[in-house]
Amino acid sequence: MAKLQEMTQEQISDVLRSALDRQVPVTVTLKRGNAWTSCHTRLLALNDPHILLGDLQVHDGDETPQIHPAEKIGLSFKLKHYKHIFTVTAVGNETIGGSSGLSVCLPNSMHRLQRRAFIRAEVPHGRVVRASFWLGGRDNEPTHSDPDQPVWSGRLTNISAGGFQLISGPEADSWDIEVGETVGVRLAFEAGSESVYADAQFRRSDRVDGQTLLGFQFVGLAQDRKGRQGLQYISSKVAEYHRHIE
C-alpha cells in the first residue's frame, strides 16, 4: 500500500541538501481565503534555521502572490522515487551567501509519498466512486439544497494522489464553474468505505460522446492532519486500483 511516511530530522536535512544540490523545482501552495493558488520556485540556500527560496514563477497571466512574514506556505518537490511535502513559515526577504530571496523557517516535519501514487489509476470495472463538489472549499459544504450554493456530482473515471477525472451528463454544460476555481470535494468510494473530503481546483472540461469529462487537481491535502489522512486513504485506493489493472 502507498504509505505517507513521516521523515526523521536527519532525513529532512539530507533531502533538503539534495534538493538544493540538484536544483529541483519546488511547488509553492498558498491559501487565500477559501481559494488556493500555486506557483514554482527553487531552493537557493540553506542556513539553519532558514531556507532561502528563489523568485516565484507563475503561469502566464497569473499575478505573482505576495507572501507576508509569519504566513504558512505549503512546499513540495519530487526527488528520486518520492514526492516530499511539508509546510513552512515565511520570515521575509533575506540575503544568504550572496543570494537574495524569500527566507522561510526550516520545517519541523516532512512527509513523503511514492511518486507512483501520482500516476493516474483507472477506476476498475464494477467499482463505483462518486464525487460531489461545490464552490468554496471542503469546509463550505452546503447543509441544504440552495440554488445559490449548488452541489454538483459525477462518477470518477480515474484518480491519483494529485487529482481525479469525473464523468457527467450534458447538464454539466450549465454548471457555473470556471477553470482555476477552488471547490470542496466529497469522494464516496465503494459501499462500506469512508468518504474523503478535500480541496481541489477545477482544471479542464471536455466533451466525449455526449458526456462531459471534468478534471480536478487536489490542493493543500498535506497541510493539516485531516488532509494527510485523506491523502493516505486516496493513495491506498490508487495503489489498489493499480494492482487490479496489473
Side-chain angles (χ1 to χ4, degrees), residues 2-59 62-115 117-118 137-139 161-162 182 198-199 201 217-232 235:
K3 184 179 180 182
L4 187 65
Q5 304 172 348
E6 185 167 6
M7 301 169 64
T8 66
Q9 286 299 317
E10 182 178 0
Q11 289 173 325
I12 293 172
S13 297
D14 288 345
V15 78
L16 286 174
R17 283 194 293 268
S18 293
L20 173 62
D21 291 342
R22 300 182 184 214
Q23 283 292 283
V24 299
V26 177
T27 299
V28 180
T29 305
L30 302 163
K31 193 168 189 180
R32 295 288 188 265
N34 292 324
W36 292 87
T37 185
S38 63
C39 51
H40 295 87
T41 186
R42 295 181 187 272
L43 306 186
L44 296 182
L46 299 175
N47 185 26
D48 194 2
H50 294 162
I51 304 172
L52 191 67
L53 303 179
D55 292 338
L56 302 182
Q57 305 295 323
V58 299
H59 300 290
D62 289 349
E63 184 178 350
T64 303
Q66 297 297 313
I67 299 178
H68 306 287
E71 185 172 355
K72 297 293 185 183
I73 307 168
L75 299 180
S76 64
F77 57 82
K78 298 174 182 177
L79 187 66
K80 296 183 179 179
H81 300 298
Y82 295 95
K83 183 171 183 178
H84 299 80
I85 308 163
F86 55 107
T87 301
V88 296
T89 302
V91 176
N93 293 327
E94 189 175 0
T95 300
I96 299 176
S99 298
S100 298
L102 174 67
S103 181
V104 300
C105 294
L106 284 166
N108 293 321
S109 66
M110 181 184 292
H111 293 79
R112 68 183 184 185
L113 185 62
Q114 289 184 348
R115 292 176 65 171
F118 292 87
R138 72 185 187 196
D139 295 328
T182 297
D199 285 338
Q201 283 184 329
Q217 178 184 352
F218 292 124
V219 287
L221 262 183
Q223 292 190 223
D224 58 33
R225 184 179 60 82
K226 185 177 180 180
R228 287 191 291 272
Q229 290 174 342
L231 179 57
Q232 175 64 75
S235 300

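At a threshold of 4.5 Å between non-hydrogen side-chain atoms, the residues Ser100 and Asn93 do not count as touching. You'll find the side chain of Ile85 reaches within 4.5 Å of the side chain of Leu231, heavy atoms only. Using a 4.5 Å heavy-atom threshold, the side chains of Ser18 and Val24 count as separate.
With hydrogens and angles disregarded, a donor-acceptor distance shorter than 3.5 Å links the side chain of Thr182 to the backbone of Trp36. Side chain of Gln223 to backbone of Gly220: no donor-acceptor contact under 3.5 angstrom is found. A side-chain donor-acceptor contact under 3.5 Å links Gln23 to the backbone of Leu43. For Gln232 (side chain) and Leu4 (main-chain N/O), a donor-acceptor pair under 3.5 Å exists by modelled atom type. Proximity of a side-chain donor or acceptor of Thr29 to a complementary backbone N or O of Ser38 within less than 3.5 Å is not detected.
Each of Leu56, Asp55, Thr37 was evaluated against Thr64; a single residue qualifies, Leu56, per the side-chain contact (heavy atoms from CB on, under 4.5 Å) test.
For Arg42 against Pro25, the heavy-atom pair with the smallest separation is NH1-N, 3.4 Å. Asp199 and Gly137 make their closest contact through OD1-CA, 3.2 Å (heavy atoms, listed as atom of the first residue, atom of the second, distance). In terms of heavy atoms, Ile73 sits closest to Ala90 at CD1-CB, 3.8 Å. Heavy atoms only, all atoms of each residue included: Ser103 and Glu94 are closest at OG-OE1, 2.5 Å. The two residues Leu221 and Ala198 come nearest to each other via the heavy atoms CD2-CB, 3.8 Å. Pairing each heavy atom of Asn108 with each of Gln9, the nearest pair is O-NE2, 2.8 Å.
Note: Phe77 and His84 have parallel aromatic rings, judged against thresholds of 30 and 60 degrees for the angle between ring planes.
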Steps toward side chain to side chain contact (heavy atoms under 4.5 Å, CB included) verdict (Ile96, Leu44)
CA-CA 8 Å; Ile96 299 176; Leu44 296 182; over 6 Å; no
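Under the ring pair (Phe, Tyr, Trp, His ring centres under 6.0 Å) criterion, Tyr82 pairs with no residue at all, not counting sequence neighbours.
Salt bridge annotation for Arg138-Asp224: present, with a cationic side-chain nitrogen under 4.0 angstrom from a carboxylate oxygen. Taking 4.0 Å as the cut-off between side-chain N and carboxylate O, Lys31 and Glu71 do not count as a salt-bridged pair.
Arg225 CZ: 12 or fewer foreign heavy atoms inside a 6.0 Å radius.
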